[in-house]
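First the structure, in the form of structure tokens, and then the observations on it.
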Amino acid sequence: MEGVENELVRQRLEKQARIEAIDGVRYPNDFRMSGFVADAIAAAGDKDGPALEAEPIEVALAGRVMAINSFGKAAFVRVRDQSGTLQAYVKKDAVDEPTFERLKLTDIGDIVGVRGVLFRTRTGELTVQAREYRVLTKAQHPLPEKWHGLKDMEQRHRMRYVDLIVNEESREVFRTRTKVIQYIRKFLDDRGYMEVETPMMHSVLGGANARPFCTHHNALDMDLYLRIAPELYLKRLVVGGFDRVYEINRNFRNEGLSNRHNPEFTMIEFYQAYATYLDLMDLTEELFRGMAMSVRGTTTCQFRGQAIDLGPTFRRLSICDALREYCGYEEADFHDPGKSFARVLACGVAKAEAEHVWQKLGEVTPRDAALALGMLAFEHTVEPHLVQPTFVTDFPAVISPLSRRKDSDPTLVDRFELYIGTNEFGNAFSELNDPQDQEARFQGQMSAKAAGDAEAMEYDEDYVRALTFGLPPTAGEGLGVDRVVMLLTGCDNIRDVILFPLLRPEQ
RNA sequence: GGGCCCAUAGCUCAGCCGGUAGAGCAGCGGCCUUUUAAGCCGUUGGUCGCGAGUUCGAAUCUCGCUGGGCUCACCA
């Protein structure tokens, strides 16, 4: 940063040296806290001043100085730890000379240790009457201003540690993030799911349609991908007899950044044998409702300027019905790529984009092409309508290479995506467990790859082999955890819910 | 990657119709032993993101670069 030449830093280094001269130690680590601030507050309960005087409670607290109100011969020092904030009162005639000197050398931002008994000020505020007061760690760099905090988004992301110190809203977002993950974990644990860990370095690309990050293992002289999804490994585990598994997984996709996309992001992916995508819809509603109630105490939330209610039963809308309702599709349009193409253009999709999508499909039937093109119209025209939670169901098989075909129509699959606030939150389907069909689907992906689809999956021979040993009828789902946190915290930018989002290097 | 916008003191911002910088907070000095955005008096602090150009003169106008925000595209 601006370096030690800065005047403010120079002053603080000077104070640090003077404290060291008093204490004989520059970074002491022998202060022992009696507990957190919250414990001290709990110990005092609602006892009034006289009660605290009658039965003194001694505490030793440590934390960061957030404010100092000084009177020259006494001062209030507001100390914050992980659990909360409590002020200490240090007065000259209640402490020895070196202690009062330490107080005078304290800056906002310093880490201090305070020992003393609890009392109440004339306004009734619980306060530690300091007997011992020490500076444990000098903050050599000043903190941002106390009531505007740190506003600059770039600074907040680059120096998250400072953001967390000064912005309570930011601390709250990440506490909520932790609660969300704890809730999901407990929710699945309670239902007999087993948490597992699968490889993040893959030699075969699969489980999603996305461009990967590449890396290299030196000793094996082997190129590897950072995983884009754990799906194929999790289903291998179901083959292995772990009927219900889940992984809270970090995935890596080599795509553009946006306020909804970070190259590494967190998903919760879970699989349940002897279930279908219909079962997962019920489970998903239950999860979202319980999570919202647990984390926020209500099923309503604000997301990207929209009022969302997770309380009512989620709407269920098939792709084809959506296209009929919002894009004017008629029966013939679902079978004739030319007609579907015309509908797509009528929806306002750029011709070049539609042609590109058509072209990179590779060798497909007219029905498949018509449906795949329809997805463009869906994304362009239907998505903006999906504000309240909606399960979009029955996707085209041609774009769903791992999903089970519908018994009633093999060109469609038993799949849903969950939309909330016009954004996709999750993706689930009954798993394709027919190894011969899976082979054919991988062939289709290879065909698409050959036709120029950079995001197509690779042919995973071992996965097909696993299927030949028998994958029970299974349903699986993935949810974007970062987006769930955005929804429940009202953050519009994914970077606000990721502690250290990817940024370009400084300078 | 495309479009629009932003970058001034440690932090939050003003100045932008060109005349080489201002406030609040923080800091420093003084007064103040129950404050809580404490108060009162005084005061330090800036290669105005970087680099060119126009001009007698640029924080201000122009171009380029860097970083960021919003938005579009792909995904979750």
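The shown structure was predicted, so the numbers you read here are calculated from the model rather than taken from an experiment. Convention: sequence-line order gives letters A, B, ...; per-chain numbering from 1.
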key: Test item: A:Asp492 side-chain N/O and A:Arg304 main-chain N/O as donor-acceptor pair under 3.5 Å   = yes
Side chains of A:His356 and A:Glu353, donor plus acceptor under 3.5 Å = no
Gap between atoms CG and C1', on A:Leu13 and B:G10 respectively (whole Å) = 14 Å
note = When A:Leu479 and A:Arg495 are each assigned the nearest nucleotide of RNA chain B, the 5'-most assignment goes to A:Arg495
ask   = Are A:Phe71 and B:U33 stacked, counting the six-membered base ring, centres under 5.5 Å, planes under 30°?
value = no
inquiry  = By a 5.5 angstrom centroid cut-off and a 30 degree plane limit, is there stacking between A:Phe265 and B:A76?
reply    = yes
remark   = So ring pair (Phe, Tyr, Trp, His ring centres under 6.0 Å) across residues 64-102 of chain A, not counting sequence neighbours, yields A:Phe76-A:Tyr89
request  = Could you tell me which nucleotide pairs with B:G39 by Watson-Crick or G-U wobble geometry, both distances under 3.5 Å, or answer none if nothing does?
outcome  = B:C31
ask   = How long is the line joining CG of A:Leu257 and P of B:U71, in whole Å?
value = 14 Å
ask   = Is there a donor N/O on one and an acceptor N/O on the other, under 3.5 Å, for the side chain of A:Asp152 and the base of B:U12?
value = no
Test of ring centre spacing under 6.0 Å for A:His202 and A:Tyr233 = yes
task = Using a cut-off of strictly less than 4.0 Å, decide whether A:Arg304 has a side-chain nitrogen or oxygen near OP1 or OP2 of B:U71.
result = yes
query = Nearest nucleotide by nearest heavy atom, which residue falls closer to the 5' end of RNA chain B, A:Lys151 or A:Lys15?
reply = A:Lys151
ask   = Can you tell me if A:Arg441 uses its side chain to pair, donor with acceptor, with the backbone of A:Ser400 under 3.5 Å?
value = yes
ask   = Taking only side-chain nitrogens and oxygens of A:Asn69, does any of them come within less than 4.0 Å of OP1 or OP2 of B:U35?
value = no
ask   = What is the nucleic acid contact for A:Asn262, judged by heavy atoms within less than 4.0 Å: base, sugar-phosphate only, or nothing?
value = base
ask   = Between B:U34, B:U12, B:U71, which one does the side chain of A:Leu150 approach most closely?
value = B:U12
Distance in angstrom units between A:Arg12 CZ and B:C11 P, rounded = 13 Å
query = Any chance the rings of A:Phe391 and A:Phe416 have centres within less than 6.0 Å?
reply = yes
ask   = Any side-chain N or O of A:Lys146 under 4.0 Å from OP1/OP2 of B:C11?
value = no
ask   = Counting only side-chain N and O atoms of A:Asn259, is one of them less than 4.0 Å from OP1 or OP2 of B:G69?
value = no
ask   = Is a donor-acceptor pair below 3.5 Å formed from side chain A:Gln87 to base B:U35, judging by atom type as modelled?
value = yes
Do any side-chain atoms of residues 420-430 of chain A form donor-acceptor pairs under 3.5 angstrom with protein atoms, and if so which ones, sequence neighbours left out?
| from | atom 1 | to | atom 2 | distance (Å) |
| --- | --- | --- | --- | --- |
| A:Asn427 | OD1 | A:Arg415 | NE | 3.0 |
| A:Asn427 | OD1 | A:Arg415 | NH2 | 3.4 |
| A:Ser430 | OG | A:Tyr277 | N | 3.0 |

task = Go ahead and name the base partner of B:C50; Watson-Crick or wobble counts if both distances stay under 3.5 Å, otherwise write none.
result = B:G64
Residue A:Glu353, side-chain heavy atoms: nucleotide from B:A76, B:C32, B:C74 that is nearest = B:C74
query = Does A:Gln155 place a side-chain N or O at less than 4.0 Å from the phosphate oxygens OP1/OP2 of B:C11?
reply = yes
ask   = Which nucleotide in the set B:C28, B:A76, B:G69 lies at the smallest distance from any side-chain heavy atom of A:Arg253?
value = B:A76
request  = Return the value, rounded to whole Å, for the distance between atom CD1 of A:Ile494 and atom C1' of B:G69.
outcome  = 16 Å
task = Compare the minimum distances between each of B:U12, B:U33, B:C72 and the side chain of A:Ala74, then state the nucleotide with the smallest one.
result = B:U33
task = Please determine, for B:C4, whether a Watson-Crick or G-U wobble partner exists with both distances under 3.5 Å, and give it or none.
result = B:G69
Between B:A9 and B:C50 - P atom distance, rounded Å = 10 Å
message = In whole Å, measure the gap between the C1' atoms of B:A59 and B:C13 for me.
response = 15 Å
key: Whole-angstrom distance between B:G15 and B:A58, as gauged at atom C1'   = 14 Å
side-chain N/O A:Arg504 vs B:U66 OP1/OP2, d < 4.0 Å = no
request  = Answer yes or no: side-chain N or O of A:Glu7 and base N or O of B:U44 forming a donor-acceptor pair under 3.5 Å.
outcome  = no
